[in-house]
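Every heavy atom of this structure was used, including side-chain atoms; hydrogens, water molecules and symmetry mates were not. Protein chains get the first letters and strands the later ones, always in sequence-line order, with residue 1 at the start of each.
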Protein chains: 2
Amino acid sequence: MPWEKSFDEEVTLEKAMHVFWEKGFDSASIADLLDRTGINRGSLYNTFGGKQALFVKALLKYDQDKRRTALAELEALDDPQRAVGEFFDNMVAVTIEDPERKGCFLFNTVLECPTHEPEVNEIVANGLREIEAFFRRCIEVAQARDDIPKSVDPSAKAKALLALALAIRVLGRSPYCDEGLQTIANEAKALISSS
Amino acid sequence: MPWEKSFDEEVTLEKAMHVFWEKGFDSASIADLLDRTGINRGSLYNTFGGKQALFVKALLKYDQDKRRTALAELEALDDPQRAVGEFFDNMVAVTIEDPERKGCFLFNTVLECPTHEPEVNEIVANGLREIEAFFRRCIEVAQARDDIPKSVDPSAKAKALLALALAIRVLGRSPYCDEGLQTIANEAKALISSS
DNA sequence: ACCTGTTTATACCATTCGGTATAGACTACA
DNA sequence: TGTAGTCTATACCGAATGGTATAAACAGGT
């Protein structure tokens, strides 16, 4: 190795991730990516391959660093009701606190699916599947502990929770009132407590 | 008037609407709009002003022709429970039947809000507000008729229904299974029937 | 000191972007 | 039959698009 890279690939990828996260694939230009990462044009193509490849890497990083990590932490609580509650409260807090109102990179990409490569669609589909599975497991465990009535359909309720989570993140990007987001989150929590 | 327009402005606007609906503002190019409307470059700028102005007109047309019309029809049923039920069933049907998977133009634009002019944000905010108000009125009327328990908070449940509706339309653009959409719709209906 | 291999910086590429200007085609009215 | 007024077609604009090529700067191995 005659020479070392002057930038950290992981740090750079994270910066690129934020660009795609904010703007989406089409609206993020190479110039944007170069500006925000600070790296050189050649370096970008050498290291990451190109815009499309960089997007995939960025989305995978988000999926790994944010979604997987967050779900794993909640699951480690070993308290399903609290896990779901914290999931939604955290989500609302993160949404409101972000001055850039980026929303969730994964959910944002859901809307772009029709124009994306199958590879991207696969990452999105897998992410949605795992979030839903997380909710389903929460419900099933709570049922086994008699915290939730057996009459509740875990699969159906899990889908509803996924839907509400997505909506909170999407509405968070728009001029929808912030208290409304918390109200929706509370409805989500109520979904698996009383009924 | 020395000469008549060779195209119907309303029909052309509808075609343009479909382009923005499919692709969103940024990804829809002037070339796309010219191709799909069939009109001339000059005609587009003369008649509609430009890309931005055309987008606003298209979104307003959608809001008028689709959202307002649909809500008015449902409200005319004078049967809140059925109105909400049909709202969600129709929504799932329309989503699944559309081969282009465009979703809902208004909901799609929610995600683009951060990059849009205040004028567009205002249209979006108003649309969301009115959909939520529709749900709220449905609940309140049903409560007045003792079809829904008074313990239900109309405002909160209306927000949850709005969220579920949005999620169905957004998920409909992705490789999320179609049966799942109907499941979410059923959960929405259940929200205001039992509890 | 001289290669070797990698990273830089920069110039360059064709294409497309949104938007404008101009010239010609056309109909209605005088 | 002008002629006025509005349409269409097309050429054109500078800027930005994603992507490539080239050449200099650099550190390690021998």
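Axis deviation across the helix from C:dA1-D:dT30 to C:dA23-D:dT8 amounts to 20°, comparing end segments of five pairs, rounded to 10 degrees.
Under the 6.0 Å cut-off for aromatic ring centres, B:Phe135 and B:Phe87 qualify, their centroids lying closer than that. Ring centroids of B:Phe55 and B:His116 are separated by less than 6.0 Å, placing the two rings close together.
Looking only at atom types and distance, the side chain of A:Asp147 has no donor-acceptor partner in the side chain of A:Gln143 under 3.5 Å away. When only modelled atom types and interatomic distance are considered, A:Asn46 and A:Ser43 share no side-chain donor-acceptor pair under 3.5 Å.
A parallel orientation is assigned to the rings of B:Phe20 and B:Phe105, their planes being inclined by less than 30° (bins at 30° and 60°).
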N/O contacts under 3.5 Å, protein versus nucleotides 14-20 of chain D?
unit_1	atom_1	unit_2	atom_2	d
D:dT17	OP1	A:Ser29	OG	3.3
D:dG18	OP1	A:Ala28	O	3.4
D:dG18	OP1	A:Lys51	NZ	2.8
D:dG18	OP2	A:Ile30	N	2.8
D:dG18	N7	A:Arg41	NH2	3.3
D:dG19	OP2	A:Tyr45	OH	3.1
D:dG19	OP2	A:Lys51	N	3.3
D:dG19	N7	A:Arg41	NE	3.3
D:dG19	N7	A:Arg41	NH2	2.9
D:dG19	O6	A:Arg41	NE	2.6
D:dG19	O6	A:Arg41	NH2	2.9

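To the nearest angstrom, P of D:dT10 lies 15 Å from CD1 of B:Ile39. Whole-Å rounding puts the B:Glu9 CD to D:dT8 P distance at 11 Å. Between the CG atom of B:Leu33 and the C1' atom of C:dT16 there is a distance of 14 Å, rounded to whole Å. Here the C1' atom of nucleotide C:dG18 and the CG atom of B:Asp35 are 15 Å apart, to the nearest Å. Atom-to-atom, CZ of A:Phe48 to P of C:dT7 comes out at 12 Å; the value is rounded to the nearest Å. When rounded to the nearest whole Å, the span between CG of A:Asn46 and P of C:dG5 equals 16 Å. Following rounding to the nearest Å, B:Asn40 (CG) and C:dT22 (C1') show an atom-to-atom distance of 13 Å.
For D:dC7, neither phosphate oxygen OP1 nor OP2 lies less than 4.0 angstrom from any side-chain nitrogen or oxygen of B:Ser43.
By the 4.0 Å N-to-carboxylate-O rule, B:Lys159 lies too far from A:Glu187 to be salt-bridged with it. For the pair A:Asp35 and A:Arg41, the salt-bridge criterion is not met [side-chain N within less than 4.0 Å of a carboxylate O].
One hydrophobic cluster holds both B:Val152 and B:Phe134 under the rule that ILVMFWY side chains link at heavy-atom gaps under 4.5 Å. Each of A:Phe48 and A:Val11 belongs to its own hydrophobic cluster when Ile, Leu, Val, Met, Phe, Trp and Tyr are linked at side-chain heavy-atom distances under 4.5 angstrom.
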